[in-house]
Amino acid sequence: MHRDAPSAAGPAGKPIVLVPACNRQVGEHPFHIAGKKYVDAVRLAGCLPLVVPSASPEEIDELLAIAHGVLLTGSPSNVHPSHFDEDVHNPALPLDPDRDAWTLPLIPRALRMGMPLFAICRGFQEANVALGGSLHQAVQEQSGLNDHRAPEGQPPEIAYAEQHEVHVMPGGVLEGLLGHEHFRVNSLHGQGVKTLAPGLRVEAVAPDGLVEAFSVEASRGFSLCLQWHPEWQAASNPVSMKMLKAFGEACAAFRDYRNEIRQPRHDFKSDPET
Ligand SMILES: N[C@@H](CCC(=O)NCCCC(=O)O)C(=O)O
């Protein structure tokens with residue numbers, strides 16, 4: 001086999017990142033939707049976004065067989081509290097049980113494979129619940145915790161403006177990437193971590209002590225789950241770009257590993273050119 005021949009798995013294309021969609025009623029009809037800023041963030045990471053409408057358990061396995069990473073987006077909808085054994089606290093707030101139904105089983109399966117995971121806001125909350133944690137349904141109603149919701153009725157430039165500092169915990173993924181002790185982030189959430197799932201490592205906390213970032217210690221792959229929105233104007237945010245670059249590199253490494261183990265073993269004895 002010529003040394004410069006492409007590998008049997010073919011030239012490595014961009015890593016494929018699954019982006020689970022939300023479910024939204026538009027007029028009389030149900031739609032699957034995904035925020036453009038999340039899809040743009042996957043491209044900024046150097047990966048190929050694959051927005052997925054929904055998936056049956058069998059389809060989850062098929063999707064994981066072709067993917068090299070998962071990005072869980074934010075959403076105005078809340079993770080249904082039944083997944084952490086609570087009743088709905090405020091029925092006026094939107095839910096998305098169809099998204100919950102497949103992202104919650106997707107997360108542990110992806111992590112068990114060592115597939116890179118990048119989770120944002122609702123996605124951060126999904127990851128905590130999927131792995132056995134629970135959420136405050138109304139952070140602002142908890143004694144000692146601040147109101148982490150965005151200012152109401154404001155244009156995106158105000159709603160996604162930086163709201164508070166986060167303190168980076170020493171020795172974790174974030175400190176390794178950023179080397180920062182603290183920096184300011186935006187904040188657009190009413191739910192928040194109540195109990196952290198087993199096996200999660202706190203990566204950053206807000207001034208009131210609320211967990212703002214975690215990684216999955218048990219996973220052998222890259223994982224970074226953030227309560228804030230790094231995808232907002234990410235291209236002009238050096239902190240966001242460092243995290244997205246690390247995620248993209250981890251997805252590329254996972255792709256290369258996948259291609260390597262799937263490459264048919266070469267029988268050098270029978271090949272006259274070796
Ligand atoms: N609904 C949850 C999660 C909040 C969240 O993801 N906000 C972002 C919504 C819009 C966007 O996608 O940027 C909560 O309130 O905690």
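Owing to the predicted nature of the structure, the values given are computational and were not obtained by experimental measurement. First listed ligand is number 1; within each ligand, the first listed atom is number 1.
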Discussion item. Is there a continuous path of hydrophobic side-chain contacts, each under 4.5 Å between heavy atoms, that joins Ile66 to Ile107?
Written reply: yes
Fill in: Path from Trp102 to Val19 over hydrophobic side-chain contacts below 4.5 Å
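Cluster IDs for Trp102 and Val19 differ.
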Close approach of [X] to ligand 1, heavy atoms, under 4.0 angstrom:
X: Lys37; answer: yes
X: Ser77; answer: yes
X: Arg149; answer: no
X: Trp232; answer: no

Heavy-atom nearest neighbour in the protein, as seen from [atom], with distance rounded to 0.1 Å:
atom: atom 12 (O) of ligand 1; value: Tyr38 OH, 2.7 Å
atom: atom 2 (C) of ligand 1; value: Asn78 OD1, 3.2 Å
atom: atom 3 (C) of ligand 1; value: Ser75 O, 3.3 Å
atom: atom 7 (N) of ligand 1; value: Leu188 O, 3.1 Å
atom: atom 15 (O) of ligand 1; value: Gly190 N, 2.9 Å
atom: atom 13 (O) of ligand 1; value: Tyr160 OH, 2.4 Å

If the cut-off is 4.0 Å to any non-hydrogen atom of [X], which atoms of ligand 1 fall inside it?
X: Gln191; answer: 14 (C), 15 (O), 16 (O)
X: Gly74; answer: 6 (O), 12 (O)
X: His189; answer: 14 (C), 15 (O), 16 (O)

For the pair [X] and [Y], name the ring-plane relationship: parallel under 30°, tilted 30 to 60°, perpendicular over 60°.
X: His167; Y: His182; value: parallel
X: Phe254; Y: Tyr257; value: tilted
X: Tyr160; Y: His229; value: perpendicular
X: Phe222; Y: Phe118; value: parallel

Discussion item. Regarding ligand 1, does Pro76 bring an N or O atom to under 3.5 Å of one of the ligand's N or O atoms?
Written reply: yes
Worksheet entry | Check: Cys121 N/O within less than 3.5 Å of ligand 1 N/O | no
Item to complete: Flag yes if more than 12 heavy atoms outside Asn90 fall under 6.0 Å of its CG atom; otherwise flag no.
Response: yes
Worksheet item: Has Glu181 got more than 12 heavy atoms of other residues, nucleotides or ligands less than 6.0 Å from its CD?
Response: no
Fill in: Positive for salt bridge (Lys or Arg N to Asp or Glu O under 4.0 Å) with Glu231, one of Lys36, Lys37, Arg43
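Single pass found, and it is Lys37.
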Response to the item:
The residue among Leu106, Thr73, Asp96 that forms side-chain contact (heavy atoms from CB on, under 4.5 Å) with Pro20 is Leu106
